[in-house]
Amino acid sequence: MFHFQKSPASIRFLCRPEDSGVIAPPVPAKTILPDWFRKLPPVDKTQLSTTNNGLTVKRCMPFLDAMTAGWILPLAATVRLDIKEGGSIVDAGWEFDRVMVSNHGPHQVAGNPKEPSPPCKFHNHWTIRTPPGWSCLFVPPLNRPGQPFECVAGVVDTDTYAAHIHFPFFATAPDGLYVIEKGTPLVQVIPFRRDSLSMKAEIRAERDGEAMERETVHRNTIAGEGWYRKWARAAR
């Protein structure tokens, strides 16, 4: 009997031919871990004692899994942001021959917690396509250093929406002129199957067997190397 392995789903990032090799390309999130995280040891030996195992966040798999999920979509070309009057005015400039930043009307998000910062928008010059049934979650890059701005999270059905997806943002830094370099991470792109959103939920107290399983997993984790083996594989 023949067994055919189903090809893994793939995401496509497409740009205009003349932009290829010019604008900053998307990259797998796991390939651009922040320097502070790369330099951090899994165990800080200076903290080791009978009451402290010296573990750092580098041994925290939920932290690492979030940081390495999906792709990072960067700023296509360098932009200057001038934040003025307590953040209520944000001007943008660039030398690139495509629009890089535009504005939304403040009335569209009246009363939002980022006021008085006006809603702005980074223009993205990559088209993002996924297989049928797949959408993409767009979020500010997870567990990475903050920028003078923060993009707004959103979900797009990238299997049917073929136009460019732009990224609304708010300036978050104090007044001043900020140079946002080409390649700066804008958003983290995490593809997911839409049918996973229809998953049903049980909300109840755990049963004895479930409590025992949870406790066993936890105790196994703290009894030995814990998350270390998985971290070591993921960090290669």
Side-chain angles (χ1 to χ4, degrees), residues 1-11 26-73 128 130-147 150-159 185-236:
M1 181 180 293
F2 292 99
H3 296 277
F4 296 94
Q5 185 175 0
K6 188 175 181 180
S7 298
S10 62
I11 184 170
V27 292
K30 64 183 179 181
T31 65
I32 56 166
L33 299 178
D35 286 342
W36 73 266
F37 186 81
R38 291 186 181 278
K39 295 175 182 177
L40 187 70
V43 177
D44 184 345
K45 294 182 179 180
T46 67
Q47 301 298 315
L48 279 174
S49 70
T50 56
T51 58
N52 188 338
N53 60 15
L55 297 183
T56 71
V57 73
K58 206 165 192 175
R59 287 277 293 267
C60 178
M61 283 313 302
F63 186 95
L64 178 62
D65 285 345
M67 187 181 288
T68 59
W71 295 73
I72 295 294
L73 198 58
I128 302 162
T130 47
W134 286 75
S135 296
C136 283
L137 169 66
F138 298 86
V139 293
L142 299 171
N143 299 334
R144 284 176 168 79
Q147 300 290 347
E150 182 176 316
C151 288
V152 176
V155 170
V156 178
D157 293 343
T158 43
D159 57 344
L186 291 185
V187 294
Q188 193 162 346
V189 186
I190 303 176
F192 66 93
R193 289 189 61 91
R194 282 195 299 278
D195 55 16
S196 65
L197 298 179
S198 61
M199 181 184 297
K200 295 181 180 180
E202 285 186 71
I203 303 173
R204 56 170 173 78
E206 62 186 3
R207 301 186 179 97
D208 290 344
E210 294 164 333
M212 184 179 299
E213 180 183 24
R214 169 179 51 78
E215 185 66 14
T216 299
V217 170
H218 173 68
R219 294 182 68 230
N220 270 323
T221 299
I222 63 176
E225 291 183 315
W227 295 110
Y228 180 70
R229 291 186 186 279
K230 186 180 178 186
W231 168 83
R233 289 195 300 269
R236 287 194 193 109

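What you see is a predicted model, and the numbers here were worked out from it, not measured in a lab.
- Looking at residues two or more places apart in sequence or on another chain, you find a side-chain hydrogen bond (donor to acceptor under 3.5 Å, both in side chains) between S135 and D157, R194.
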(request) Could you please spell out the steps behind the side-chain contact (heavy atoms from CB on, under 4.5 Å) verdict for T56 and V43? (result) CA-CA 6 Å; T56 71; V43 177; over 6 Å; no
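- Residues forming a salt bridge (Lys or Arg N to Asp or Glu O under 4.0 Å) with R207 (at least two apart in sequence, or on another chain): E210.
- Within a 6.0 Å sphere centred on CG of D208, heavy atoms belonging to other residues, nucleotides or ligands number 12 at most.
- A donor-acceptor pair under 3.5 Å is absent between the side-chain atoms of K30 and the main chain of D65, judged by distance alone.
- Rounding to the nearest 0.5 Å gives a distance of 12.0 Å between CG of L64 and CG of L142.
- Rounded to the nearest 0.5 Å, atoms CG (D159) and OG1 (T130) are 5.0 Å apart.
- Of the inter-residue distances, the one linking K58 atom NZ with C60 atom SG reads 13.5 Å to the nearest 0.5 angstrom.
- A distance-only check finds no donor-acceptor pair linking the side chain of R144 to the backbone of P34 [under 3.5 Å].
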(request) Report the C-alpha distance between V156 and I128 in whole Å, list the side-chain angles of each, state the deciding distance to 0.1 Å, and finish with yes or no for side-chain contact (heavy atoms from CB on, under 4.5 Å). (result) CA-CA 10 Å; V156 178; I128 302 162; over 6 Å; no
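- Across every non-hydrogen atom of M67 and L33, the tightest pair is SD-CD2, 3.4 Å.
- C151 and V187 make their closest contact through CB-CG1, 3.8 Å (heavy atoms, listed as atom of the first residue, atom of the second, distance).
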(request) Could you walk me through whether I11 and W134 pass the side-chain contact (heavy atoms from CB on, under 4.5 Å) test, one step at a time? (result) CA-CA 9 Å; I11 184 170; W134 286 75; over 6 Å; no
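- Rounded to the nearest 0.5 Å, atoms CE (M212) and CZ (R219) are 11.0 Å apart.
- Distance check: L186 CG to E150 CD gives 12.5 Å after rounding to the nearest 0.5 Å.
- A donor-acceptor pair is defined here as one N or O able to donate and one able to accept, closer than 3.5 Å; such a pair exists between the side chain of Q188 and the backbone of A69.
- Under the ring-ring contact (aromatic ring centres under 6.0 Å, His included) criterion, the residue pairs touching residues 42-66 are F37-F63, with sequence neighbours excluded.
- For CZ of R204, the number of neighbouring non-hydrogen atoms (other residues, nucleotides, ligands) closer than 6.0 Å is greater than 12.
- Closest approach of P191 and G70 over heavy atoms only: CD-CA, 4.5 Å.
- In this structure, the separation between CZ on R59 and CG on L40 is 11.5 Å, given to the nearest 0.5 Å.
- Remark: T31 pairs with no residue by the side-chain hydrogen bond (donor to acceptor under 3.5 Å, both in side chains) rule, at least two apart or across chains.
- In this structure, the side-chain hydrogen bond (donor to acceptor under 3.5 Å, both in side chains) partners of D44, at least two apart in sequence or on a different chain, are T46.
- Scanning for ring-ring contact (aromatic ring centres under 6.0 Å, His included) contacts around W71 gives F13, with sequence neighbours left out.
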